[in-house]
There are 2 protein chains.
Amino acid sequence: MSNAEEADGPRPRGRRPTMKDVAELCGVSIKTVSRVVNGQGGTSQETAARILQTIDELGFRPNRLASDLRHIGASSMIGIVIEDVSNPFYGSMIRAIEQRARERGMMVLSVSSEEDPQREHELVRELIARQVAGLIIVTASSDNSYLAEDIRRGLSVVFADRPSSGVQCDEVVLDDVRASREAVEHLLRHGHRRIGVVADADHVYTAHTRVQGYREALEAHGIALDPALVRQGSHTSEDATEATHALLDLPEPPTALFTTNNRSTAGALRAIHGRDAQVALVGFDDFEFADLLNPPVTVVWHDPAALGQLAADLLFARLENSHEPPRRIVIPSRLLVRGSALPRLAPNPPAAGA
Amino acid sequence: MSNAEEADGPRPRGRRPTMKDVAELCGVSIKTVSRVVNGQGGTSQETAARILQTIDELGFRPNRLASDLRHIGASSMIGIVIEDVSNPFYGSMIRAIEQRARERGMMVLSVSSEEDPQREHELVRELIARQVAGLIIVTASSDNSYLAEDIRRGLSVVFADRPSSGVQCDEVVLDDVRASREAVEHLLRHGHRRIGVVADADHVYTAHTRVQGYREALEAHGIALDPALVRQGSHTSEDATEATHALLDLPEPPTALFTTNNRSTAGALRAIHGRDAQVALVGFDDFEFADLLNPPVTVVWHDPAALGQLAADLLFARLENSHEPPRRIVIPSRLLVRGSALPRLAPNPPAAGA
DNA sequence: TTGAAAGCGCTAACAC
DNA sequence: GTGTTAGCGCTTTCAA
C-alpha cells in the first residue's frame with residue numbers, strides 16, 4: 001500500500017484533511033471526531049481536547065456539503081430568485097433575508113431572473129439541484145405550476161412582492177391596487193386630469209396591478225382613460241426615459257406622471273430633467289435622494305427589508321412545520337408626500353425644427 | 001421487508017427520486033442513468049430514450065450536492081464576501097460576477113461582512129465549509145493571513161476593490177490615491193482652500209487610501225492639513241450626515257467637501273441640503289441621480305460591474321490554471337465633472353439659539 | 001454499450 | 001464514552 005500521503009508530516013500539501021485523517025492521527029474513531037466537531041458532547045474532556053488540537057494542527061475544515069448530503073432535502077442553503085441583484089430594492093430584500101438566514105446558520109444562493117419566466121424556471125431547477133432547503137421567489141412568471149411537483153414533494157417556497165399562481169404557497173405582498181389608486185388620487189386632488197403612466201411590461205404582476213390602480217382611480221373620478229397616456233413595457237430606466245419623452249411629445253401631453261417602480265421613476269425623472277419640462281410626478285417605491293431632488297419626489301413608500309424579513313420568517317416557519325395552511329401577509333405601504341405632485345405648467349410641445 | 005414506498009405508484013409522495021430509482025425502473029444500472037443525465041454519450045439511443053422518459057415520469061432531479069461531493073474542493077458554487085448586499089455598488093459587482101458564473105454553470109453564495117474583520121473570517125470559513133470552488137472578497141480586514149492555509153491547499157481567492165495583505169492573490173483594484181488626489185485638486189483649482197473630508201473608518205483600506213490622496217493633493221499645493229477638517233469613522237450615510245454637520249459647525253467651516261464613498265456622499269448631501277448650506281462637494285463613487293441633483297454632483301467615476309467582471313475572470317482563470325503568478329489589475333477611474341465643485345459661499349456658522 | 005464495486009466526507013443507529 | 005456499520009446520491013475506475 002502506498003502511504004506517501006501519510007508520511008507528509010502534520011500539514012499535508014494537497015488534499016484537505018478530513019475527519020478520517022483527524023481520527024487516525026488521534027487514534028479515535030471518526031464518529032468521536034464528528035461529535036467533537038459538532039459539539040454534541042458525550043466525549044471526555046481529554047479526548048475532545050486532543051481532537052481539537054489535532055484539528056487545529058491539521059487545519060481540518062468540516063465539509064458542509066457532505067453533512068448536508070445526509071440531511072436529505074434540507075441543506076444549509078436557501079435560494080432567492082429576484083429580478084436583478086443590482087437593483088437596490090432587491091438588495092435590501094436580500095440583505096434582510098441573509099440576516100435571518102445567518103441566525104440559523106444558513107447561507108443564501110441568490111440569482112437574477114432578469115424578469116424572464118424561462119430563465120426563472122431554469123434557475124429554480126438549478127437551485128433545487130443544489131438541494132436548497134427552501135426558496136424565496138419574486139416571480140417573473142404568471143404561471144408557477146412548474147413548482148407544483150417539487151412543492152408536493154416537500155419543497156418550501158415563499159413568494160415575495162408578487163403572488164403565486166397555479167400553486168398554493170406562503171406569500172408576502174403589497175396592496176398594489178390600493179396604493180396606486182391613492183397615488184393617482186393624490187395627483188387628481190392636485191388638479192391633474194391628464195396623468196401619464198410609465199410602467200414595466202403588462203405581464204409583470206406589479207406593473208399590471210399598479211396600472212389597474214391607476215385605472216380605478218380615474219374611473220372613480222369619472223375620467224375617461226386615454227390609452228395614449230399609458231406606456232407599458234419599460235423595463236430599464238432607459239426604456240422609461242424614452243417612454244416619458246414619448247408621453248411629453250404627445251399633442252396633448254400629460255401634466256403629471258405616475259411611475260410604477262423605481263426604475264420607471266428614475267427614467268422619467270431623467271427625461272423630465274433633460275427637457276426642463278414642468279411635470280408633476282408620483283412614483284412607486286421610495287429611493288435614496290428622493291427627498292433631495294428638486295422638487296422632492298412624492299412616492300408610494302414601503303419597506304423592501306420588511307418584505308425580505310417577513311418572507312424569510314414565513315419560509316423558516318414553513319421549514320419547521322410544513323403542514324400549516326399557506327399564509328398571506330400584506331405589508332404596509334403609504335403615500336409619502338414630498339411635493340412633486342404640485343400642479344405645474346404643462347410642457348410645451350417641442351417646437352418643430354428647434 | 002416493508003416496501004410501502006415501492007408500491008406508491010410512479011409518483012412517490014415523500015422522498016425525491018434518485019438515479020437509483022430511475023435505474024431500477026428502467027432495468028439498467030445507475031451508471032447508465034448517470035451517463036444519460038450528464039450527456040456523456042456512450043449509451044444506445046433506445047436506452048437513453050427510455051431513461052429520459054422515466055426521468056420525466058418520475059420527476060427526477062439530479063442532486064448537485066452529491067455530484068459536487070465527488071469533485072473535491074471544486075463544487076459548482078463560488079463565494080463572494082462583500083460589505084453589504086444592499087449597497088448598489090456591491091449589487092452591481094455581484095450582478096456581474098453572477099453573469100460570469102452562470103456562463104460556467106456555477107452559482108454564487110454572497111454574504112455581507114458588515115465591514116467587520118471577525119465576521120468576514122467566520123463567513124469565509126462557512127463558505128469554505130460549503131466547498132466553494134473559489135472566493136471573491138472585498139476584504140474588511142487588514143490581515144488576510146487567515147486565508148494562507150486554505151490558499152496553500154489550493155483555494156482560489158481573488159481580492160476586489162481592496163488589495164490583500166499577508167497573502168499572495170489575484171486582485172482588481174482602483175488607483176485610489178491618484179483618483180482622490182485628482183478629485184481634491186479639482187476642488188483646489190476652483191479656489192477652495194479649506195476642504196473637509198468625510199470618510200469611513202481609517203482601518204477600511206479605501207477610506208485610508210482616499211484620505212491619503214487628499215493629503216497628497218494638499219501637500220502638493222503647499223496647504224497645511226487641518227486635522228479638524230478630516231472626519232473619519234463614518235460608516236453609514238447617517239454617520240456621514242452627522243460628520244458633515246460637525247464640519248459645517250466648525251468656527252472656520254470648509255467651503256468644500258471630499259466624500260470618500262457613496263454613503264459618505266449621500267450623507268453629506270443630506271446634511272448640506274438640511275441646512276441649506278452652500279458647500280462644494282466631490283464624491284468618490286458615482287450614483288444614480290448624481291446628475292439630477294442641484295447642483296449635479298461631481299464624482300470620481302468608476303465601474304463596479306467591471307470590477308466584478310474582472311474579478312470573476314481572474315477567478316475562473318485561476319481555477320483553470322492555478323500555477324500562474326498572481327495578477328493585479330487596476331481598473332480605470334476618472335473625475336466626472338458635473339458642477340458641484342464650483343466655489344460657493346462659505347456657510348454661516350449657525351446663529352446661536354436660532 | 002453497459003455494469004459492479006468502491007468511495008467522496010459525513011452522520012445516524014445501534015452496539016459495547 | 002466510544003466504535004461499528006450502513007448509508008446520503010452521485011461519479012469513477014475497471015472490467016465485461
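In what follows, chains carry the letters A, B, and so on, assigned in the order in which the sequence lines appear, proteins first and then strands, with residues in each chain numbered from 1. The analysis underlying the following values was restricted to heavy atoms, covering all of them including side chains, and did not include hydrogens, waters or symmetry mates.
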Any side-chain donor-acceptor pair under 3.5 Å between [X] and [Y]?
X	Y	value
A:Glu103	A:Gln99	no
A:Arg130	B:Ser76	yes
A:Asp143	A:Ser141	no

Rounded to whole Å, how long is the line connecting atom [atom1] of [X] with atom [atom2] of [N]?
X	N	atom1	atom2	result
B:Ile128	C:dG9	CD1	P	16 Å
B:Glu46	C:dT1	CD	C1'	12 Å
A:Leu65	D:dT11	CG	P	13 Å
B:Arg61	D:dG9	CZ	P	15 Å
B:Lys20	C:dG3	NZ	C1'	15 Å
B:Leu69	D:dT12	CG	P	12 Å
A:Arg64	C:dC8	CZ	C1'	18 Å
A:Met19	D:dT4	CE	P	16 Å

Taking for A:Thr18 and for B:Thr32 the nucleotide of DNA chain C with the nearest heavy atom, the one nearer the 5' end belongs to B:Thr32
Nearest to the side chain of [X] - [options]?
X	options	answer
B:Thr43	D:dT12, C:dT2, D:dC10	C:dT2
A:Lys31	C:dA12, C:dT2, D:dT11	C:dA12
B:Phe60	D:dC10, C:dT11, C:dG9	D:dC10
B:Ser67	C:dT11, C:dT1, D:dT11	D:dT11
B:Asn38	C:dT11, D:dT11, C:dT1	D:dT11
B:Arg70	D:dT11, C:dG9, C:dT1	D:dT11
B:Ile30	D:dT11, D:dT2, C:dT1	D:dT11

Strictly below 4.0 Å: does [X] bring a side-chain N or O up to OP1 or OP2 of [N]?
X	N	value
A:Thr47	D:dG1	no
A:His71	C:dC10	no
B:Asn63	D:dC8	no

Between A:Glu98 and A:Arg102, is the closest basic N to carboxylate O distance under 4.0 Å? no
Record whether the side chain of A:Arg35 comes under 3.5 Å of the base of D:dG3 through a donor-acceptor pair of N or O atoms. yes
Reckon A:Val37 touches a base, only the sugar-phosphate, or nothing at all at heavy-atom distances under 4.0 Å? nothing
Do other residues, nucleotides or ligands put more than 12 heavy atoms under 6.0 Å from the CD atom of B:Gln45? no
Least distance between heavy atoms, B:Met107 atom then A:Leu123 atom: CE-O, 3.8 Å
